[in-house]
Asks: 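Following this message is one structure expressed as structure tokens.
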Number of protein chains: 2
Amino acid sequence: MNIREVAQLAKVSTATVSRTINGSSKVTPETAERVRRAIEQLRFYPNTNARALGSGKSSLYGLIISDITNPFFPELVKSFEDIAVQHGQEVLVANTNYDPARMEICVSRMLQRKVDGVAIMTSEMDEKFIDEFNSRGIPLVFLDTGKPQKLISNIVIDYAAGVNAAVEHLIGFGHTSVGFISGPMSLASARIRRKAFVSSLKQKGVRLDPSMIEEGNHRVDGGHDAMARLLSKRIRPTAVLASNDMTAIGALGAIHERGLRVPEDISLAGFDDIEISSFTQPSLTTVKLSRNDVAKVAFRSLYDINVNAGKGGEYRIQPLLVVRRSTGPAPVKPGKR
Amino acid sequence: MNIREVAQLAKVSTATVSRTINGSSKVTPETAERVRRAIEQLRFYPNTNARALGSGKSSLYGLIISDITNPFFPELVKSFEDIAVQHGQEVLVANTNYDPARMEICVSRMLQRKVDGVAIMTSEMDEKFIDEFNSRGIPLVFLDTGKPQKLISNIVIDYAAGVNAAVEHLIGFGHTSVGFISGPMSLASARIRRKAFVSSLKQKGVRLDPSMIEEGNHRVDGGHDAMARLLSKRIRPTAVLASNDMTAIGALGAIHERGLRVPEDISLAGFDDIEISSFTQPSLTTVKLSRNDVAKVAFRSLYDINVNAGKGGEYRIQPLLVVRRSTGPAPVKPGKR
DNA sequence: CTGTTAGCGCTTTCAT
DNA sequence: ATGAAAGCGCTAACAG
């Protein structure tokens, strides 16, 4: 089943069928109608591979993420796909699983499929790969870790502002001993958030005890373990900020296991605002990072370069503090063991 | 950049390059090495579209899911991809968002990309689409809703056994008033789970009060609202089984909002065992449905039909009760208002 | 073991 | 507005 059979049935040339499929304006409505009927009758579906090959355009955009298991990403994927589809483009999602070797495979897949652009939302990306895309004229957009160039855009999240808002909120409640559970230090995005926390505290003139910072892995189990470590210190923090919500959720469990209450004994805040965060017990105060905004900006930046011969740029996104029930006044007596 | 340039540089024919790429055994190791060097030097990536077109094989398997936002699915996607990659195949994931119109788009995408098989994990699938695949010789595998045929396999989850185990567990704790929060009745899979609950109760000789069943939407908010309704009844259940974990998590929030304790005042169990369920407060007793098993069986069933000219079949998967902290002895005085 | 060449299904000039 | 035909990049006979 191919375009020729359709052409025969509709009594036109293959060129006309092709034009009809692509909505060319120079096909008589009557002919177009005839072709459409033939297509329907034969249940014909144009071969995407042949189309891409013939036209030299894949209409495919790559989206590379690091962990599809972190709820942050599915929400991002969904938004990205919605926008792409609205523009008549398809999406190729690839998951690196935080593994550099898999990143190479992902890049390779993108290149082989001749994508028209790639959104790299992983924060870890070898320079050599970037070149691979650049030299082929494939636009790229990064999250936090790119330097804008002709074909490269960068989305910068104002972590400082987000973290600041959270810290301010905590300090406003009288907390003076604020802890932090970071993501894995191997991740640039985790390092950025941590740095933002440290300088925010300094800016507010609050003393930072280095032992109040523990490293997690941006997943639930890591948050749980990190909080457990924090709680077994001689002096424990009365408030803790987590590098992302998954971490905070794990931390919440650890606090409860210890028989402590949130926020009476200890306040807890997260980062991201994934859907589930409003349903934890208590609901989680967190810094919202809109996946929809990120996805929208990411796709637009790529699409614009291709369609309007635009150039790479820098796009800023402001996170927003969402206050819920997991934060409250500092306990009168700081928690000593 | 194409195979011809590589051929020239390596001083061989394009056929030899192609053979080398495809790992054909009839290429002298030396020639192969020369070709590989040329490929590397030119940073050549074979065009997937052309390969698919030339060979007539896409090496692509479709995976249709209903809601990438439900953690159950990303875990399934991940497993499915891992297995596919192990077999040198790629995966095209499509998300219907529970929307029949989008289902049509998904099917169309699959057909246009000439996938070698499709795993339909959505439980809702119009008969006419099935035909579309069948008539093109594309194998299909369903979750719970297919009838095995030449090219069609079906994975049947033994919900009855899973629900039974949960109900037994609850009854063993002395609960006599057991409620149920179902998924949306528009979903076959939700109806199956509900039916399993009803007959399990009947089988155990426990009286079922129809008002003890509320409908959710398989998401957190639906579970929350359904539980709120359950709790405002004149007589409330002392134990509740939810149709999936997301629902249970929402229910948990509603219970706490009401000032009740889990499991002291009310026991709660879920279904699926998504990762986060072991970190809720309290951790959730649930019926584990292994995504990895489902993915493995799904892919294998498709791959086997293609590679070994196998036939469609029926595959059973046993869920397993995972007891955690959200279930316990029934309160001595049933909760009246 | 290697090369030649005819497709694969569609798009896109270039004529008409 | 429509058609004829030359690719697009690769694979797979078929020869040798």
Side-chain angles (χ1 to χ4, degrees), chain A residues 1-36 38-39 42-60 88 90 108-116 136-137, chain B residues 1-36 38-39 42-60 88 90 108-116 136-137:
Chain A
M1 165 66 48
N2 58 33
I3 212 176
R4 264 198 10 234
E5 291 186 43
V6 176
Q8 283 172 356
L9 183 62
K11 298 192 193 309
V12 294
S13 70
T14 59
T16 299
V17 176
S18 175
R19 291 195 188 98
T20 308
I21 290 174
N22 292 295
S24 161
S25 58
K26 29 189 178 178
V27 180
T28 320
E30 293 83 58
T31 346
E33 184 51 32
R34 204 144 34 91
V35 173
R36 255 180 258 111
I39 289 179
L42 295 173
R43 296 169 153 209
F44 168 73
Y45 288 85
N47 184 322
T48 306
N49 297 124
R51 297 231 273 174
L53 192 56
S55 68
K57 287 174 297 194
S58 67
S59 300
L60 232 200
E90 286 195 90
S108 173
R109 273 181 69 187
M110 301 285 158
L111 258 12
Q112 299 187 175
R113 289 224 174 250
K114 311 300 172 195
V115 294
D116 292 336
R136 287 174 175 74
Chain B
M1 167 63 48
N2 57 35
I3 212 175
R4 264 198 10 234
E5 291 187 41
V6 177
Q8 282 171 359
L9 182 63
K11 300 191 192 308
V12 295
S13 70
T14 60
T16 300
V17 177
S18 174
R19 291 196 188 96
T20 309
I21 290 174
N22 293 296
S24 161
S25 58
K26 27 189 180 179
V27 180
T28 319
E30 292 83 58
T31 344
E33 186 50 32
R34 204 146 33 92
V35 172
R36 257 182 255 111
I39 289 179
L42 295 173
R43 296 169 156 210
F44 168 74
Y45 289 85
N47 185 321
T48 307
N49 298 124
R51 297 233 272 176
L53 192 56
S55 69
K57 287 175 295 194
S58 68
S59 299
L60 233 199
E90 287 196 90
S108 173
R109 274 181 69 188
M110 301 285 158
L111 259 11
Q112 299 188 173
R113 290 225 173 249
K114 312 298 172 196
V115 295
D116 292 336
R136 287 174 176 74

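So that the names make sense, note that chain A is the first sequence line, chain B the second, and so on, each numbered from 1. Because the structure is a prediction, the values reported are computed rather than measured.
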Asks: Taking atom C1' of D:dA6 as reference, at what distance in whole Å does atom CD1 of A:I3 sit?
Replies: 15 Å
Asks: By nearest atom, which of the nucleotides C:dG3, D:dA1, C:dC10 is closest to the B:V12 side chain?
Replies: C:dG3
Asks: Identify, between A:T28 and B:L53, the residue whose nearest nucleotide on DNA chain D lies closer to the 5' end.
Replies: A:T28
Asks: Pick out the pairs of N or O atoms, protein on one side and nucleotides 14-16 of chain D on the other, that lie under 3.5 Å.
Replies:
none

Asks: What do you reckon, is CZ of A:R136 surrounded by more than 12 foreign heavy atoms closer than 6.0 Å?
Replies: yes
Asks: A:S55 side chain N/O closer than 4.0 Å to the phosphate oxygens (OP1, OP2) of C:dT11?
Replies: no
Asks: Can a side chain N or O of A:T14 be found less than 4.0 Å away from OP1 or OP2 on C:dT11?
Replies: no
Asks: Within the structure provided, determine whether B:V6 and B:I21 are in side-chain contact (heavy-atom separation under 4.5 Å).
Replies: no
Asks: Are B:T20 and B:R34 side-chain neighbours, meaning at least one heavy-atom pair lies under 4.5 Å?
Replies: no
Asks: Considering all heavy atoms of both residues, which atom of A:R113 and which atom of A:S58 are nearest to each other, and what is their separation?
Replies: O-CB, 3.7 Å
Asks: Taking the nucleotide of DNA chain C with the closest heavy atom to each, which residue, A:G56 or A:M1, is nearer the 5' end?
Replies: A:M1
Asks: Kindly say if B:S13 contacts the phosphate of C:dT2, meaning a side-chain N or O under 4.0 Å from OP1 or OP2.
Replies: no
Asks: Counting only side-chain nitrogens and oxygens, does B:N47 get under 4.0 Å of the OP1 or OP2 atom of D:dG9?
Replies: no
Asks: Let's go through B:E5 and B:M1 carefully: what are the C-alpha distance in whole Å and the side-chain angles of both, what is the deciding distance for side chain to side chain contact (heavy atoms under 4.5 Å, CB included) to 0.1 Å, and is it a yes or a no?
Replies: CA-CA 7 Å; B:E5 291 187 41; B:M1 167 63 48; 3.8 Å; yes
Asks: Would you say B:T16 places a side-chain N or O within less than 4.0 Å of OP1 or OP2 belonging to C:dG3?
Replies: yes
Asks: Any side-chain N or O of B:N22 less than 4.0 Å from the OP1 or OP2 oxygen of D:dT11?
Replies: yes
Asks: Just by modelled atom types, is the A:A52 backbone N or O under 3.5 Å from a matching donor or acceptor in the A:N49 side chain?
Replies: no
